[in-house]
Amino acid sequence: MAVVRFLLVSLLVLTVGTAVLIYLDGSGQPEVAGQIGGPAQSIERVSGAVAAQRQAIQLVGGPADKQILFGDLHVHSTFSIDAFLWSLPIMNGKGLHPPADACDYARYCSDLDFYSLTDHAEGLTPRHWSMIKDTVRQCNALTDPENPDLVAFLGWEWTQVGNTPESHYGHRNVVLLETAEEKVPARPITSGGLPLKHMRRRTMGPTMEKLAPYVADFENRQSIKDQFYKQADLRSVPFCAEGVHVRDLPVDCVESAESPHALWERLDQWGVAAMAIPHGTAWGFYTPPGVKWDKQLTRAQHSAKYQPLIEVFSGHGNSEEYRDWRAVDIDAQGGQHCPQPSEDYLPCCHQAGELIRARCDDPGSSACAAKVQKARKDYLDASVAGHLVVPGAKPEDWLGCGQCADCYLPALNYRPGNSVQYIMSLSNFAEPDADGDPQRFRFGFIASSDNHAAQPGTGYKEIDRHQNTETFGPTNESTRRDFSDVAKRPDPGPDSVPFDRINTHFNLFQYAESERLGSFFYTGGLVAVHSAGRTREQIWDAMQRKEVYGTSGERMLLWFDLLNGPQGELSMGGEVELAQVPRFRVRAVGAFEQKPGCPADSVAALGAERLDYMCGGECYNPGDRRRLIERIEVVRIRPQAESGEPLADRIEDPWRIIECTGDQTGCEVEFEDPDFVAAARDTLYYVRALQQPTPTINGATVRCKGDSCARVDICYGDARTDLQDDCLAPVAERAWSSPIYVDYLAPET
């Protein structure tokens, strides 16, 4: 049908001639920052929330000198080019959400204390960056800087992607302390490489760009014209000269850093207070199979100054948990081999072979065996595009391959060698620190949303999958064939087809699976800080101390302390040397149950119509009852004590499970590690506080059916799954503390 439509329009152009081309030559419109619609929240609303929290702190015996503030440091507006595409009506989008929407949403939909706008730097021009800065300043200007209802941080996402495990470093959210013009970079720093190339590239010729809006979606043709305008706008900005100090470069050029080391150098040149927070580390959508974080534990590629935190969970999935299985085995010579399935993991390369085996006339023949082996090799050679090598394979045919079936809300095509637990277990003995100890990561743990519709903090209610997650999909079957994975695969045949990366001209993110991805979008998490106050500087100070934790979206209150440190109690994120058995205390309070609708002052501030557009008419609207904390899980990780030491038995998850009594006032438990002194090795501990299970969007991911996931019921982003189906399944919402790092102090001899 798509081909027929193209031929008809082409014939029309040839028939009518120049007049038609003039008619079709309507131009796209530049994006605008939007208008912030609401004032700051009332003093009464803010003080009421603080009072409710203080009551909970008092009941559980928490510290009275700090409050817990909730925020989201990973938010995109439709200035990000992928967000712009998903906003189009042709993709079931709900329209543009510019930077100003994030301010209103954080204030009146999700009721946050702080957020950071982190649009993809690769999709921003100098004009976009100027509008983002202005909007963040306007959002902050509405409130009292000494006691703000909301703090807006300025930032961007550095979106690095490599084709191979060796060249892939992954994404960082760069968050800045300051917002004043003279105290921030003149331009965001891109990652260069694949994302920058693909976000700027022209996907069709000038004539087709004129025709496409009329052929693809005539009713919404202006939106498609705007998309082409955006890409042309990006292409018009030249690259910055190499080898020039950042402050000597012109404002209107694209500044790039293609590795973390290069990013640190550029931030050093700018001389700004900044954090670069890794996220989505285990997300296999863009991360090559076989990737490991080992190469990033070096003096060049890691900076404790810029990387104090890591994101363990977002709306794109959990990256916390380590597993021993792999998507590919890599030998000492760098050769790739397809692993055998295990009880809890089905490698997709193996499934590729089984799909081809099912097409053989004689599945037991040597000729069929050769085809099976070729399919597995083709899959591995294609990296994240492996699903394209089996002609005509449907998303359901891949079953649950590549997925972490027993992980909490996992990322798609999970990469355990990039998981946070794996990262925390590493040691670099070749480049010790100043004290001669092996170099290690000492991150604080956070969560955020990774929302792409200017909606910070979407996880307050598990409703409306298309409103509150990144779920998107074509509006009709014709468009689905144009955009979906199936359209990129020929009809079923007897053999696998190698993926030709050089001569395949899809967009970068169309190499990867987009259809199974719909089962792995969640409402997203939050970062919580133990802060002495509500100001920007106090929030920043808490993050620098790593006195932070992440939640899966629920506003649980969590404290995790070492009780017998040399200087007394030590909070989460702290580091200590200890020669005795460490003793710990955990205090956790469940989140408030939510009432339907929005608070009256939200409606008064923005109006019912804007609230409906912004947040579907559903806001953070706490009742009086709190959800119950079901249990505390303790994770113990003993980083490598010698080079080459296996990691699997160094990561103990859970090391200990402590059941809670189900008290409305919360859960308080204490424990110690009697093995610490005898083991005589550095150890880190962190805890998870789990609420009683509640219905959660995509809680069952691909919804396996039968033994060993013999069938799946994929939760699609398009109409193949009912658009009203939230794909709910019971899941225990949770909070992750930052670790406490306890180094073994050997007794003096």
Side-chain angles (χ1 to χ4, degrees), residues 79-82 118-133 154-176 178 181-203 230-278 286-288 291 295-307 431 501-502 505 507-509:
F79 276 11
S80 290
I81 198 162
D82 52 346
T118 55
D119 277 307
H120 295 285
E122 294 74 19
L124 300 177
T125 66
R127 183 176 61 84
H128 289 110
W129 181 235
S130 178
M131 288 189 288
I132 289 172
K133 289 184 291 185
L154 182 63
W156 68 83
E157 181 173 322
W158 182 82
T159 313
Q160 197 274 346
V161 176
N163 279 331
T164 65
E166 296 73 29
S167 63
H168 181 84
Y169 291 100
H171 301 183
R172 268 83 172 163
N173 284 322
V174 179
V175 181
L176 306 174
E178 304 286 355
E181 187 67 27
E182 67 277 8
K183 295 183 179 180
V184 300
R187 66 197 74 81
I189 304 167
T190 79
S191 64
L194 289 172
L196 185 64
K197 171 186 174 183
H198 282 276
M199 289 187 189
R200 291 166 60 99
R201 72 188 293 266
R202 194 165 198 163
T203 54
K230 179 180 179 67
Q231 290 179 304
D233 195 19
L234 291 174
R235 291 193 296 270
S236 70
V237 184
F239 294 104
C240 297
E242 296 292 329
V244 179
H245 193 283
V246 295
R247 293 190 178 275
D248 295 330
L249 292 166
V251 172
D252 58 342
C253 67
V254 177
E255 183 180 341
S256 295
E258 298 200 12
S259 70
H261 175 63
L263 179 60
W264 316 146
E265 287 185 331
R266 294 202 173 264
L267 290 173
D268 280 341
Q269 289 182 25
W270 281 113
V272 296
M275 290 186 292
I277 305 170
Y286 56 78
T287 304
V291 72
K295 65 179 179 295
Q296 305 206 44
L297 184 53
T298 67
R299 289 200 188 97
Q301 303 299 355
H302 174 56
S303 167
K305 173 184 176 182
Y306 293 121
Q307 283 194 145
E431 295 183 359
R501 188 177 301 278
I502 302 299
H505 299 297
N507 181 279
L508 169 66
F509 294 111

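All values below were derived from every heavy atom in this structure, side-chain atoms included, with hydrogens, water molecules and symmetry-related copies excluded. Positions are given from 1, in the same order as the sequence printed here.
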Nearest-0.5 Å distance that lies between atom CD1 in Ile81 and atom CE in Met199: 7.0 Å
Looking at Ala121 and Trp156, what are the two nearest heavy atoms and their distance? CB-CD1, 3.7 Å
Can you name the residues that form a side-chain hydrogen bond (donor to acceptor under 3.5 Å, both in side chains) with Arg172, not counting sequence neighbours? Gln296, Gln307
Under the salt bridge (Lys or Arg N to Asp or Glu O under 4.0 Å) test, which residues partner Asp252, sequence neighbours left out? none
Working for side chain to side chain contact (heavy atoms under 4.5 Å, CB included), residues Val174 and Met275: CA-CA 6 Å; Val174 179; Met275 290 186 292; over 6 Å; no
Among Glu122, Gln160, His120, the one residue meeting side chain to side chain donor-acceptor pair (under 3.5 Å) with Ser191: Glu122
Would a 4.5 Å heavy-atom cut-off, applied to side chains only, mark Leu234 and Leu124 as touching? no
Flag the pair Tyr169 / Ser259 as yes when at least one side-chain heavy-atom distance between them is below 4.5 Å, and no otherwise. yes
Between Trp158 and Ala257, which heavy-atom pair has the shortest distance, and what is it? NE1-O, 2.8 Å
When rounded to the nearest 0.5 angstrom, what distance separates OG1 in Thr125 from CZ in Arg235? 13.0 Å
Nearest 0.5 Å, what's the CG-CD distance between Leu249 and Glu242? 9.0 Å
Is a side-chain donor or acceptor of Arg200 paired with a backbone partner of Pro195 at a separation under 3.5 angstrom? no
Which atoms form the tightest heavy-atom contact between Pro185 and Trp129, and what is the distance? O-NE1, 3.1 Å
Enter the distance from Ile277:CD1 to Thr118:OG1 here, rounded to the nearest 0.5 Å. 9.0 Å
Using atom types as modelled and distance alone, determine if a side-chain donor or acceptor of Arg187 lies under 3.5 Å from a backbone N or O of Pro250. yes
Can you give me the closest heavy-atom contact between Tyr286 and Val161, atom names plus distance? O-CG1, 3.7 Å
Basic-acidic side-chain contact under 4.0 Å: Glu166, Lys295: no
Check against side chain to side chain contact (heavy atoms under 4.5 Å, CB included), Glu178 and Val272: CA-CA 8 Å; Glu178 304 286 355; Val272 296; over 6 Å; no
Run Tyr306 and Leu263 through side chain to side chain contact (heavy atoms under 4.5 Å, CB included) and show every step you take. CA-CA 10 Å; Tyr306 293 121; Leu263 179 60; over 6 Å; no
Could you tell me if His171 and Thr159 have a donor-acceptor pair between their side chains, going purely by distance under 3.5 Å? no
Check for me whether Arg127 meets the cation-pi criterion with Phe79, that is, NZ or CZ under 6.0 Å from the six-membered ring centre and within 45 degrees of the ring axis. no
Side chains of Asp119 and His128: any donor to acceptor distance under 3.5 Å? no
Nearest non-hydrogen partners of Gln269 and Val246, listed with the distance: OE1-N, 2.9 Å
Scan side-chain atoms only and decide if Thr190 and Ser256 contain a donor-acceptor pair under the 3.5 Å cut-off. yes
List the steps and the verdict of side chain to side chain contact (heavy atoms under 4.5 Å, CB included) for Lys183 and Trp270. CA-CA 9 Å; Lys183 295 183 179 180; Trp270 281 113; over 6 Å; no
Does the side chain of Pro288 come within less than 4.5 Å of Asn163's, by heavy atoms? no
Minimal non-hydrogen separation, Asp233 against Ser236, with atom names: O-OG, 2.6 Å
